[in-house]
Amino acid sequence: MNSEDTSATKDHTVYLSSNGVHLEIIIPRSEIAPAILEGLTYTDEDLFFSFGWGDKTFYVETPTWADLTFINGFRALFVNTSTLLHVTRYNAMHQDWAAIKMTSQQLDRMNKYILNAFRLDENHQKILLPGIGYYKNDDFYEATGNYNCFNTCNTWVNSGLKQSEAKACLWTPYDFRLIDIHQN
């Protein structure tokens, strides 16, 4: 686990959420850098944004665990595959989110990390996959990086925490260790 700076005031909060396997970083809209919000679909009622990163085919072809196929799982784990950012909008905070207090500098680093995860087109715009979201409050965008068993959705979240100099693990392919250190 990395250490974090404890001398500065931590007056910002971001959150972690897990569906039991997959972690996402959640930031209040008021704390998100304007460059991240630029080009995203949202309404005035959307107060929190969740950012998850993962295998493109898995995200698109496996909206529920019942849709999981051997080939999609195998390919996601053992082949360097293209990725997406899953952006979900919420109008209220959820009680099961793990809070992470951050300084202004840590929040700035987290915003930069998320912004750099969006793949941009030739006009420097985020690339939305229209009509691919699971519900009316989420969308998928092309992302940077490749997914494999050593670089998973959870290692992406962990890397964001490391770059933000928040509590993080040495390496975590699973969700439970990060949730545990931030719920205590």
Side-chain angles (χ1 to χ4, degrees), residues 1-40 42 46-55 59 76 83-120 126 137-184:
M1 185 167 39
N2 72 324
S3 61
E4 61 178 329
D5 179 14
T6 56
S7 62
T9 305
K10 295 185 176 187
D11 50 2
H12 304 279
T13 306
V14 300
Y15 303 89
L16 291 182
S17 175
S18 174
N19 66 4
V21 175
H22 173 84
L23 283 170
E24 296 198 349
I25 300 166
I26 302 165
I27 305 178
R29 185 177 76 207
S30 61
E31 303 280 13
I32 297 175
I36 293 175
L37 292 174
E38 187 178 313
L40 298 185
Y42 64 96
D46 298 323
L47 302 178
F48 296 87
F49 286 70
S50 174
F51 300 91
W53 178 93
D55 174 75
Y59 263 142
T83 56
L84 296 177
L85 270 176
H86 184 216
V87 180
T88 306
R89 302 168 303 279
Y90 298 96
N91 60 14
M93 188 177 81
H94 291 203
Q95 294 302 314
D96 62 340
W97 294 349
I100 302 171
K101 299 301 275 182
M102 291 189 160
T103 65
S104 294
Q105 289 177 327
Q106 288 175 307
L107 179 63
D108 288 345
R109 288 183 197 116
M110 180 61 75
N111 271 296
K112 184 176 181 179
Y113 180 75
I114 291 170
L115 180 61
N116 289 334
F118 284 95
R119 183 179 311 266
L120 303 178
K126 296 173 184 80
N137 68 325
D138 70 322
D139 293 298
F140 286 100
Y141 296 84
E142 293 283 347
T144 59
N146 291 317
Y147 187 99
N148 61 55
C149 63
F150 300 107
N151 192 33
T152 69
C153 53
N154 299 324
T155 56
W156 180 82
V157 169
N158 193 53
S159 294
L161 294 172
K162 284 179 182 179
Q163 287 189 22
S164 301
E165 297 182 7
K167 284 184 185 176
C169 299
L170 180 62
W171 180 67
T172 182
Y174 306 107
D175 67 331
F176 54 84
R177 183 64 182 129
L178 281 176
I179 291 290
D180 288 349
I181 65 174
H182 289 289
Q183 286 184 330
N184 297 325

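Atom set for the values below is all heavy atoms of this structure, side chains included, hydrogens, waters and symmetry mates excluded.
Looking at heavy atoms from C-beta onward, Lys126 lies out of side-chain contact with Leu85 at the 4.5 angstrom threshold. Annotation: side chain of Ser104 is in contact with side chain of Asp11 (closest heavy-atom distance under 4.5 Å). For the pair Glu142/Leu120, no side-chain contact is recorded, criterion being any heavy-atom separation below 4.5 Å from C-beta on. Between Phe118 and Phe51 the shortest side-chain heavy-atom distance falls below 4.5 Å. By the 4.5 Å heavy-atom criterion applied to side chains, Thr152 and His22 are not counted as neighbours. Proximity of Ile114 to Ile27: side-chain heavy atoms (C-beta onward) are separated by under 4.5 Å at one or more points. Counting only heavy atoms from C-beta outward, the side chains of Ile36 and Asn111 approach each other to under 4.5 Å. Looking at Leu37 and Phe49, their side chains come closer than 4.5 Å, going by heavy atoms from C-beta outward.
With rounding to the nearest 0.5 angstrom, the CD1 atom of Ile32 is 8.5 Å from the CZ atom of Arg29. Atom CG of Leu16 is separated from atom CG of Asn158 by 9.5 Å, given to the nearest 0.5 angstrom. Separating the NE2 atom in His86 from the OH atom in Tyr141 is a distance of 10.5 Å, to the nearest 0.5 Å. Note that OG of Ser18 and CD of Glu24 are 9.0 Å apart. Values are rounded to the nearest 0.5 Å.
Between Tyr147 and Asp55, the shortest heavy-atom contact is CD1-N, 3.5 Å. Smallest separation of non-hydrogen atoms from Thr83 and Gly145: OG1-O, 3.1 Å. When every heavy atom of Ile181 is checked against every heavy atom of Cys169, the shortest pair comes out as CD1-SG, 4.4 Å. Across all their heavy atoms, Ile100 and Ala166 have their closest contact at CG2-CB, 4.4 Å. Minimum heavy-atom separation, Tyr113 to Ser159: OH-CB, 3.4 Å. Here the closest heavy-atom approach between residue Leu23 and residue Val157 is recorded as O-CG2, 3.7 Å.
With Ser164 contributing its side chain and Met110 its backbone, the two residues share a donor-acceptor pair below 3.5 Å. With His182 contributing its side chain and Lys167 its backbone, the two residues share a donor-acceptor pair below 3.5 Å. In terms of modelled atom types and a separation under 3.5 Å, the side chain of Asn137 and the main chain of Thr88 share no donor-acceptor contact.
Side-chain contact, Lys10 with Thr103: no donor N or O sits under 3.5 Å from an acceptor N or O. Using a 3.5 Å distance cut-off with no hydrogens or angles, the side chains of His12 and Gln106 do not pair a donor with an acceptor.
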Would you sort out whether Glu31 and Thr13 count as a side chain to side chain contact (heavy atoms under 4.5 Å, CB included), showing the intermediate values? CA-CA 8 Å; Glu31 303 280 13; Thr13 306; over 6 Å; no
Checking Trp53 against Ile25 for the side chain to side chain contact (heavy atoms under 4.5 Å, CB included) test, could you report, in this order, the C-alpha distance in whole Å, the side-chain angles of both residues, the deciding distance, and whether it holds? CA-CA 9 Å; Trp53 178 93; Ile25 300 166; over 6 Å; no
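Take Tyr90 and apply the ring-ring contact (aromatic ring centres under 6.0 Å, His included) test, not counting sequence neighbours, and it matches His94, Trp97.
When each of Asn154, Leu161, Thr155 is tested with Leu178 by the rule side-chain contact (heavy atoms from CB on, under 4.5 Å), just one qualifies, namely Leu161.
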